[in-house]
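In what follows, a structure is listed as structure tokens, so that the remarks can point back to it.
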Amino acid sequence: MAGTANLNLGDKSVDFATTQGSEGEKAILIKPFRQATGYVALDPGFVNTASCESSITFINGEEGVLHYRGYPIADLVENTSFLEVAHLLIEGHLPTQEEYEGFKNSITYHTLLHENLKRLFELVPTDAHPMSVLSAAVSALATFYQDSLDPMNEDQVRLSIHRLIGKLPTIAAFHYKRSRGQAYIYPDNRLDYAANFMKMMFGFHTEPYEVDEEVARILDQLLILHADHEQNCSTTAVRVVGSSQANLYASVTSGICALSGPLHGGANQAVLEMLQTIHDDGGDVQKFVELARDKTSGFRLMGFGHRVYKAYDPRAHFLQQKVEVVLRKLKVNDPLLNIARKLEEVALSDSYFKDRNLYPNVDFYSGIIYRALGIPVNMFTVMFALGRLPGWIAQWKENLEKGYPICRPRQIYTGETMRKVIPMSER
Ligand code: SDX
């Protein structure tokens, strides 16, 4: 529903059109803003700025709602597979059986890496952070697969999409094996996506590796929960880089780099490290809640708070319900889960957190499950990237399909005004 917003600026009165999304979100269309007013809007971190119109994911932060293409996350995570969700996000609809088989088979066909790419894993230090290796390897894909770089060519885009979804788990698992001095376990095309990843990670050539179907399903559900989240930091990076018509490998590399930050995807690793610190310190969660309240401490409760959710993150809610069942299934008794439960209980009854609507986010419980699955802590954010990949791809593709202009924001300059250079001898 269109409307009008009026802005009074000194002796000027300027009208702007407004718009409303399918879920009632409202926006002022400020495309003519600078020309009409001589002003720009200043909004560091884009807290109040929509970068695009999108039909992929909807979040209602006040009510803790998350939909992918109109489907509630709780329905998808219980009733679909990760590759079905990837198809939904990228193609816009849940696949028919025939579409699913075609999509899945094409991705399975692309799980192998160019043999020379393995040298990258041998080159980097074995203690390199897996997110740094992931970004380097994805960027290198553009050098090996030069026949799928053109973002304006539909066939090349489809090929690069299937290559990325097929190869990302192989890259992650190969580096893991290399970091532990173990032989690579190649993809097994008979296995589904999550099962194949588990075998590449934890299998050995010396004995058969049977993937527990329930464990593979848990991993598949974790990937679904992470698959997209509208215009988060890393997705914005992917859109910004893609807006210059950089290829998909380069754009996804920028998403991986943005995701690695501890305020974003790196938080799942930071949560586990925080819980371990609290445990090793004796388990006094009240002490750490006090620390988080104290601005001078520089300590934040990792896994708490969110730019958009001012209610319980629905993904965290699902994980909070599931974590106990998963650990029992895996026969894991993790003392950090008790710490997490206590921390959540204390924080959610504390005025500092309540006043700021700080609730657990997706990263608060996911690490406890990854650890129970045997994933090393420094690979938790890699797991986030494996899940987020189809969301990055869908958002990158939508940005190009909408013909959005190259991202180039303005600024307010606050530096020195005109100065004259004086010779160094006189400085
Ligand atoms: C993800 O955007 C997405 O969708 C991201 C994501 C996705 O799926 O892509 O959901 C994934 O990144 C989840 C968030 C993971 N990060 C963390 O768990 C790190 C800890 N959380 C925070 O650093 C923080 O909550 C952010 C970064 C997530 C959100 O920060 P905002 O929206 O910029 O909020 P803010 O930093 O301005 O905080 C508002 C207030 C501040 O206090 P005041 O200045 O009002 O007194 O809340 C405080 C903050 O100091 N605050 C916290 C806190 N988070 C915010 N205080 C203590 N502990 C925290 N965790």
Side-chain angles (χ1 to χ4, degrees), residues 43-51 54 56-62 64-68 73 77 85 89 131 222-239 255-275 278 285 287-319 340 343-344 346-348 350-368 380-381 383-392 394-395:
D43 185 20
F46 315 125
V47 177
N48 305 287
T49 300
S51 60
S54 177
I56 299 170
T57 291
F58 171 69
I59 299 174
N60 178 321
E62 284 67 35
V65 168
L66 171 58
H67 294 171
Y68 295 160
I73 190 69
V77 77
V85 166
L89 291 169
M131 283 297 277
L222 277 163
L223 296 174
I224 291 172
L225 289 173
H226 288 83
D228 194 51
H229 215 239
E230 53 131 291
Q231 305 314 315
N232 59 84
C233 178
S234 54
T235 297
T236 297
V238 170
R239 277 185 176 253
I256 294 169
C257 295
L259 189 71
S260 67
L263 293 187
H264 189 14
N268 56 19
Q269 175 177 342
V271 167
L272 238 292
E273 289 161 353
M274 174 188 74
L275 294 174
I278 297 172
V285 296
K287 172 181 165 185
F288 286 85
V289 168
E290 294 304 323
L291 261 182
R293 294 168 55 103
D294 172 9
K295 293 275 186 255
T296 61
S297 74
F299 175 78
R300 279 195 165 193
L301 275 194
M302 302 312 275
F304 265 79
H306 198 277
R307 172 62 60 77
V308 176
Y309 289 125
K310 301 311 169 191
Y312 215 109
D313 180 335
R315 304 165 297 175
H317 183 69
F318 175 86
L319 293 171
L343 190 56
E344 176 183 354
V346 169
L348 292 188
D350 181 286
S351 60
Y352 173 92
F353 289 82
K354 288 200 295 189
D355 295 350
R356 292 168 179 78
N357 295 311
L358 300 177
Y359 291 87
N361 58 52
V362 66
D363 296 310
F364 190 63
Y365 284 106
S366 57
I368 291 175
F380 286 6
T381 310
M383 301 310 295
F384 195 138
L386 293 182
R388 185 52 52 88
L389 179 61
W392 286 334
Q395 300 275 352

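When a ligand or atom number is given, it counts from 1 through the structure's own listing order.
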Polar proximity ligand 1 side, [X] side, N/O cut 3.5 Å exclusive:
X: Leu263; answer: yes
X: Asp363; answer: no
X: Arg300; answer: yes
X: Phe304; answer: yes
X: Cys233; answer: no
X: Gly303; answer: yes
X: Asp313; answer: no

Smallest separation among heavy atoms of [X] and [Y], with atom names:
X: Met274; Y: Leu343; answer: CE-CD2, 3.6 Å
X: Gly387; Y: Pro390; answer: O-CD, 3.1 Å
X: Leu89; Y: Ala227; answer: CD1-CB, 3.6 Å
X: Gly265; Y: Thr381; answer: O-OG1, 3.3 Å
X: Gln231; Y: Ser54; answer: NE2-CB, 4.1 Å

So which heavy atom in the protein is nearest [atom], and how far is it from that ligand atom?
atom: atom 5 (C) of ligand 1; answer: His306 NE2, 3.6 Å
atom: atom 12 (O) of ligand 1; answer: His264 ND1, 2.9 Å
atom: atom 28 (C) of ligand 1; answer: Gly305 O, 3.7 Å
atom: atom 14 (C) of ligand 1; answer: Asn361 ND2, 3.5 Å
atom: atom 45 (O) of ligand 1; answer: Arg356 NE, 3.6 Å
atom: atom 29 (C) of ligand 1; answer: Arg307 N, 3.7 Å
atom: atom 52 (C) of ligand 1; answer: Leu358 CD1, 3.6 Å
atom: atom 19 (C) of ligand 1; answer: Met302 CE, 3.7 Å

Ile59 side, atom CD1; Tyr68 side, atom OH - distance, nearest 0.5 Å: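 Taking CD1 in Ile59 and OH in Tyr68, the distance rounds to 9.0 Å.
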Output for pair (His306 NE2, His229 NE2), nearest 0.5 Å, gives 4.5 Å
Touching ligand 1 at all, [X]? Heavy atoms, strictly under 4.0 Å?
X: Arg388; result: yes
X: Tyr309; result: no
X: Phe299; result: no

Any side-chain heavy atom of Phe304 within less than 4.5 Å of one from Leu348? yes
Less than 4.5 Å apart, any side-chain heavy atom of Val77 and any of Val85? no
Under 3.5 Å, side chain of [X] to main-chain N/O of [Y], donor-acceptor pair present?
X: Arg315; Y: Leu66; value: no
X: Asn232; Y: Glu230; value: yes
X: Asn268; Y: Phe380; value: yes
X: Asp313; Y: Val362; value: yes

I need the atoms of ligand 1 closer than 4.0 Å to a non-hydrogen atom of Asn232, numbered in the order shown. 2 (O), 3 (C), 4 (O), 5 (C), 9 (O)
Just jot down the ligand 1 atoms closer than 4.0 angstrom to any heavy atom of Ala267, in number order. 15 (C), 16 (N), 17 (C), 18 (O)
At under 4.0 Å between heavy atoms, which part of Lys295 makes contact with ligand 1: side chain, backbone, both or neither?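 Under 4.0 Å from ligand 1, Lys295 contributes side-chain atoms alone.
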Considering only heavy atoms, does Arg315 approach ligand 1 within less than 4.0 Å through its side chain, its backbone, both, or neither? side chain
Flag the pair Tyr359 / Tyr309 as yes when their ring centroid distance falls below 6.0 Å, and as no otherwise.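 Ring centroids of Tyr359 and Tyr309 are no less than 6.0 Å from each other.
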Quick one: does atom 42 (O) of ligand 1 have a protein heavy atom under 4.0 Å from it?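 Yes.
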Is_contact(atom 39 (C) of ligand 1), protein non-hydrogen, under 4.0 Å: no
